[in-house]
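In what follows, a structure is listed as structure tokens, so that the remarks can point back to it.
In listed order, ligands and their atoms are each counted from 1.
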Amino acid sequence: MGLEIYHQKRDFRRTPEPKGKVSKANKHRFVCQEHHASSLHFDFRLEIGGVLKSWSLRKGPSLNPEIRRLAVPTEDHPVEYLEFQGHIPEGNYGAGEHMIWDSGTYKLLEGESAEEQFEKGKLKFELNGARLKGAFNFFRLGTRDQWLLVKGKDEYALADWKLELLMPDAEGNKFIEEEKKAARRSATRSPRGHAGKSNEPVTKISARAEKGEKLSSLDGVLKAENPEGDKRVKVGEYVLDLTSLDRVYWPESGFTKADLIRYYYEISEYILPYLENRPLIMKRYPMGIGGQSFHQHDVDEVPEFVRTIALEAEDEGIHTVDYIVCDNLQTHLYLANLGAIERHPWHSQTSNLEFPDWFVFDLDPGEEVEFETICEVAVSTRQVIDSLGLESYAKTSGSRGIHVYVPIKPEYAYDRVTDLSERIAKIVAGENPKVATVERSKSKRTKNQIYVDYLQNAYGKSVVAPYSVRPKAGAPVSAPLVWDEVEKKKISIKDFTIENMLERVGKKGDLFKAVLTDKQSLEEAFEKVKGKAKRAK
Ligand code: MN
């Protein structure tokens, strides 16, 4: 810890900011500053280890426990900064009005050393300021250096709390508005579906039948031999538009959009439990698997039955992303109609977003790896996980690899789970040196190697859901497996498709069910993995 970066960034002949030095006092003070720089933000600083550990929060803290603020670390500041406010002149770093919005002290609610908790990326504290009071949880997220600040549920929590600015922002607003989206800098970037982003919250479109309107029945439409064109169907109390039903989505096998919708309808009771209550990332192929595709996180406009959740994300600055949460059959079918062939749910639920309730190893083979070898590495992964006292479950990715899931209690921050999964992946690679690797760079892997990808276990990341369809020839599906099938290597990816998956679940039931119910504690695994990692070296 030091102030080198702080000093480098500033010319103290030109800025009124304090030069300051590392202090010996450790009074557990905090400050939250309103900073009208090139863009308005709040600086949150905690006195830790003789300096002010600092984070930038675009919309400041919140006393509403439902609001999760993304906090991006900035350079350490001197403790003298606790009292700084004033105008930083043009041409200087952070030019603009800087004011103390709140200050006071904090008390750790877990652990004894703030430095230690900071290093672990998990701070639980109570703030004692004029505006900020009570318990807060503050976590580092997975592999990227971002934190989340969330108000704990106590007597100081306020569901309808709004942050009042000391000075109005450039548009004259006196409050930080929850529902506002950051305008995108460019309307032409579209990979995440941000194109033409407005400043508005998600628009909900009515999905009720017109008076006297005649609607088709969903079963009737999907049971027809060759469903064609557009149909308005009734699903429960809502109306759903199914469009271009005869569009060919899989040219080689001739499967159409209607086939995709029919599969998702028939499999809905099996797939929905893996999508419910989780932010969802869609991979859309509106013209079929040969056409353009894109990942979509954010939506602007949805039918009224679709639930969305607004979350902050960082991508060229912090902005709000409205994720779909696929909680009901209507939403599930609506997504199929959008050409969302792939469904990628988060590893954590909306009620507990900071804590994943499963983690995953994505065994991703190079071009020349035989499926039998993938099965062997999957079995080896299971054995390593088993030696830590944990059960794991396998499914085909539906593409070329196998996913191994470990269901866990939603009690461990992403950071710790990522760390554990990294250790496990390294042991697996160590035990299968010829065929497995944790090398991230594709160019450094050979065509005969399987990449043991543990990096999807960070906050905001995902893998394809069980029963999700993949945009590959033959319309394969990500299929839950019994370990016996993996051990005997009797299966292949192409065995499971939208044509036969329903029959399989009819016979075998949901082979992945334990992933939803068998939530395991990680305490033992955290201990055991340390010794193993040493031996593996
Ligand atoms: Mn600032």
Side-chain angles (χ1 to χ4, degrees), residues 1-23 29-62 67-104 106 118 123 127 129-132 136 138 140-141 144-149 163-171 173-177 180 182-183 185 312-320:
M1 284 188 207
L3 297 169
E4 294 79 15
I5 300 173
Y6 174 82
H7 287 148
Q8 274 163 25
K9 286 187 168 183
R10 290 166 178 83
D11 179 347
F12 294 98
R13 291 165 301 182
R14 296 205 161 86
T15 175
E17 294 165 285
K19 194 158 182 228
K21 52 181 194 295
V22 176
S23 118
R29 290 169 289 184
F30 84 91
V31 66
C32 183
Q33 285 150 323
E34 179 177 321
H35 189 181
H36 293 257
S38 53
S39 64
L40 171 65
H41 63 270
F42 286 75
D43 293 298
F44 181 66
R45 311 184 199 278
L46 294 170
E47 184 177 10
I48 295 176
V51 296
L52 299 178
K53 287 286 162 197
S54 300
W55 292 263
S56 170
L57 289 101
R58 184 169 67 91
K59 293 194 288 189
S62 176
I67 302 287
R68 300 166 177 86
R69 292 300 198 209
L70 200 61
V72 178
T74 58
E75 76 276 14
D76 294 348
H77 281 50
V79 291
E80 286 83 351
Y81 220 90
L82 286 164
E83 282 165 24
F84 173 69
Q85 53 185 347
H87 185 76
I88 303 175
E90 274 308 301
N92 286 285
Y93 178 71
E97 214 56 53
H98 202 99
M99 7 178 99
I100 297 174
W101 183 82
D102 196 18
S103 65
Y106 72 91
F118 172 82
L123 284 156
L127 293 182
R131 293 183 160 91
L132 297 174
F136 284 81
F138 200 27
R140 184 163 46 219
L141 300 173
R144 294 178 75 179
D145 204 9
Q146 298 175 359
W147 293 61
L148 272 192
L149 181 65
L163 192 157
E164 188 174 359
L165 291 162
L166 298 172
M167 183 177 116
D169 70 8
E171 279 104 53
N173 298 308
K174 292 187 177 121
F175 290 91
I176 293 282
E177 295 294 331
K180 275 210 168 176
R185 276 182 216 155
E312 284 187 303
E314 197 199 16
D315 171 20
E316 298 179 10
I318 299 174
H319 59 97
T320 302

task = Name whichever N, O or S atom of His35 ends up nearest to the Mn ion (ligand 1).
result = ND1

query = Distance under 6.0 Å and angle within 45° of the ring axis: does Arg45 meet both against Trp55?
reply =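 So Arg45 doesn't make the cation-pi contact.
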
key: All side chain to side chain donor-acceptor pair (under 3.5 Å) counterparts of Arg14, not counting sequence neighbours   =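 Here the qualifying residues are Asp11.
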
ask   = For Arg10, which residues count as a salt bridge (Lys or Arg N to Asp or Glu O under 4.0 Å) partner, sequence neighbours excluded?
value = Glu17, Glu75

task = Identify the heavy atoms of Phe12 and Pro18 that sit nearest to each other, and give their distance.
result = CE2-O, 3.4 Å

request  = Assess His98: does it contribute an N, O or S atom lying under 2.8 Å from the Mn ion (ligand 1)?
outcome  = no

remark   = Vertex the Mn ion (ligand 1), ends His41/NE2 and Asp43/OD1: angle to nearest 10° comes to 90°

